[in-house]
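Values below: every heavy atom of this structure, side chains too, minus hydrogens, waters and symmetry copies. Please read these numbers as outputs of a predicted model, since none were measured by experiment. In this chain, numbering begins with 1 at the start of the sequence shown.
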Amino acid sequence: MSTATQRSAGSERGLARVAQALARWTEKWFPDAYIFALGGVVLVALAAFLNGSSPQAVVDSFGDGFWDLTAFTLQMSMVVLTGYVVATSPPVARLIARLGRVPQAPATAVSFVAFLSMSVSVLNWGLSIVFGGLLARAIARRRDLQVDYRALGAAAFMGLGAVWALGLSSSAAQLQATAASLPPALLQITGVLDFGKTIFTWQSMLTCLILIALTTLIAHLSAPRGGAIRTAEDLGVDLNDQPEPASKRERPGEWLEYSAILPALIGLLTAGWLVSSFLTKPFLSVISSLNAYLLVFLVLGLVLHRTPRNFLQAVTKAVPATAGILVQFPLYAAMAAILTEAEGSGGTTLSEHLAGFFTEIGSGGAFAVVIAIYTVILGIFVPSGGGKWLVEAPYVMQSATDVEMNLGWTVQIYNISEALPNLINPFFMLPLLAVLKLRARDLVGFTFLQFIIHLPVVLLLVWLLGMTFTFEPPVIPEPAAP
C-alpha cells in the first residue's frame, strides 16, 4: 500500500477505519483458503488424539470420510459453473450490467450489492453467490465510479454470511419438513416440522429482516473511501467476463453445433419436467431443491447461449473457477469425519464432548444462547449446513425436548447461527472467490467486521424471541401401511 493510501486509510472514521485495519491485518496474516483447510484437518486430528482417540481411529476416520462430501463437492462446483455460464450469457449479462449502473456513490454501491445478494439468497443461496459476484464485477468495471473491489466482494458474500439459512433453501428446515429425508432416529425425536414452524414463523422472518438491515448498514458504513479504495485494477484482477467469439462453421458436420434447435428441445424437456414436478410434489420442496436448481440453470445456460458451441465455450471459461472447490472440500469432509467418528476415551467423540458441555451449561433460559454458540464454534470446523445438522440434531433436539424449548425455534436457532461461521471460514467463499478472482484474505477483513457485530445481535435475538414460544411435543407421523 502506498504512503498516500496509508495516510488516507488512517484518516477513516468509525466502521470504515475498523474494516481497513482488519483488511490490512488479514492481507498480511490470513493464509490461503487451502492452507486453512489443511491446518484445520491437523488441528482436529490433534484434538482427537488429546481426546484419547487411537491413531488408527483418527486415520481411519480421516481416510473413510475424505470422500463423504463427493456429491456436495460436485454440486458446489456446478453452482459456480452454471451460475457463471448463465450470468455471462448475453441476456443476463445485459441485466447485470444495467443493475451495475444503478449506484451513484462508492458506499452506496457496496450496500447495494449486499442488499441484493441477501435478497436473492432468501430465494436460493446458490443463485445469490454467483449473482452477487458478477454484480460486484459489473460495478467494478465502471470508469465513472471508483469502488473498493474487496468491499464489493465481501458484500456479494453477505447472502451466505447473514441470511441464507433463513430462506427457502435452508438445509435444516428442508430436512425437518420432509419425513422421508430424516433418519429414523432423528424422526422419533423431532417428528416432522413444516416450514410454518420454522422459517415462516414471524420470529424467524423478523430476524431475517433485522439481519438484512443491519448487514446493509454495516456494509455501507465500512466501505473504504478516497485514497483507501483498492480497485480491481489495483488488485490485478481481470474483469473481462465476455466469452471469446465463437469460430465460424467450417464443415457440414458442425451444423448442429451452431444451431439453436437442440438447445431449444432440451429446454422444452426441462420445462416439462419442471411443470410435472410442481404438479406432483410440494411447491416448496421443488423450489428449494439444489439439484433442481442446478438442472434448470444448466439448461437455462444452454438455451440463453443459443447454440451448443457458444455454451461449451462459456463452460470452458468457467471450469477453472471450480479448481479450489475440488481440492478443498474433501479436506472438510475428513475434518467432519474425525470430529464425529473418531471415538476417544469412554467411546465419546469430540463432537459429543462439545455437545455435552454446551448442553450441560445451557439449562434454563440460557439454552438458546448456548446452542447458538455451539453451532458457531462447530461451524468453524464443519462448514456444511445440512450435513452438520444431521450430526448435531439428535442430541441438540433431544436436549431441547428435555428443557422444553420449542423444537421449531431450536431449528431456527441453528439456522440463524449457522451463517455466522461463513463470515470467517473460507469454505463457502470458494465459489465466490472463483468468480471474483480474489483470495479469501482479500475479503475476510470486511466479513470479520460483520461477524463481530452480528454475533451479539444474533445471541440477543435467539434469546429474546425464544421466550415468545411455547413447547409443543413432537408429532411423530404414523408409519406407512404395508
Side-chain angles (χ1 to χ4, degrees), residues 165-166 170-207 336 339-341 343 346-379 382 384-420 458-480:
L166 295 175
S170 164
S171 302
Q174 288 179 32
L175 288 168
Q176 289 296 158
T178 310
S181 300
L182 288 167
L186 180 57
L187 181 61
Q188 293 304 309
I189 296 171
T190 67
V192 174
L193 300 166
D194 61 32
F195 279 9
K197 296 178 180 177
T198 54
I199 64 172
F200 286 159
T201 60
W202 68 263
Q203 295 91 337
S204 179
M205 291 188 286
L206 175 62
T207 299
L339 273 169
T340 59
E341 296 176 13
E343 295 184 353
T348 55
T349 63
L350 284 172
S351 180
E352 290 168 339
H353 272 304
L354 285 170
F357 171 73
F358 286 116
T359 302
E360 183 178 346
I361 67 174
S363 58
F367 180 82
V369 174
V370 169
I371 294 304
I373 294 174
Y374 169 63
T375 297
V376 172
I377 293 174
L378 188 59
V382 189
S384 175
K388 182 161 70 70
W389 175 246
L390 288 176
V391 172
E392 190 174 331
Y395 43 82
V396 167
M397 295 298 270
Q398 183 60 59
S399 298
T401 301
D402 294 341
V403 300
E404 296 192 345
M405 170 63 74
N406 183 276
L407 295 178
W409 183 242
T410 302
V411 175
Q412 291 311 93
I413 292 172
Y414 173 87
N415 281 332
I416 296 166
S417 309
E418 161 57 30
L420 289 174
V458 164
L459 296 180
L460 182 63
L461 286 172
V462 299
W463 175 57
L464 289 177
L465 294 176
M467 293 190 291
T468 66
F469 285 92
T470 57
F471 176 71
E472 298 178 12
V475 179
I476 312 299
E478 294 292 335

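Applying the side chain to side chain contact (heavy atoms under 4.5 Å, CB included) test to Thr207 and every residue at least two apart in sequence or in another chain returns Leu166, Leu211, Trp409, Ile416, Leu461, Leu465. In this view, Ala419 and Trp164 satisfy the side chain to side chain contact (heavy atoms under 4.5 Å, CB included) rule, not counting sequence neighbours.
For the pair Ser204/Thr198, no side-chain contact is recorded, criterion being any heavy-atom separation below 4.5 Å from C-beta on. The closest side-chain heavy-atom distance from Thr349 to Glu341 is not below 4.5 Å.
Just one of Val376, Val369, Val370 meets the side chain to side chain contact (heavy atoms under 4.5 Å, CB included) condition when paired with Ile373; it is Val369.
Heavy-atom minimum distance, Ile199 versus Ala165: CG2-O, 4.4 Å. Between Gln176 and Gly191, the closest heavy-atom pair is NE2-O, 3.7 Å. In terms of heavy-atom proximity, Ala400 sits nearest to Leu407 at CB-CD2, 3.9 Å. Taking all atoms of both residues into account, the shortest heavy-atom contact from Val396 to Phe367 is O-CZ, 3.9 Å.
Remark: Leu459 CG to Ile413 CD1 distance equals 10.5 Å, nearest 0.5 Å. From Glu472, atom CD reaches atom NZ of Lys197 across 6.0 Å, with rounding to the nearest 0.5 Å. Remark: Phe469 CZ to Glu404 CD distance equals 15.5 Å, nearest 0.5 Å. Rounding to the nearest 0.5 Å places OG1 of Thr401 at 4.5 Å from CZ of Phe471. Rounding to the nearest 0.5 Å gives a distance of 8.5 Å between CD1 of Ile189 and CE of Met397.
Between the side chain of Tyr414 and the backbone N or O of Ala172 there is no donor-acceptor pair closer than 3.5 Å.
For the residue pair Gln203 and Thr468, a side-chain donor N or O sits within less than 3.5 Å of a side-chain acceptor on the partner. Looking only at atom types and distance, the side chain of Asn415 has no donor-acceptor partner in the side chain of Glu418 under 3.5 Å away. Gln412 and Thr201 form no side-chain donor-acceptor contact under 3.5 Å, judged by distance and modelled atom types alone.
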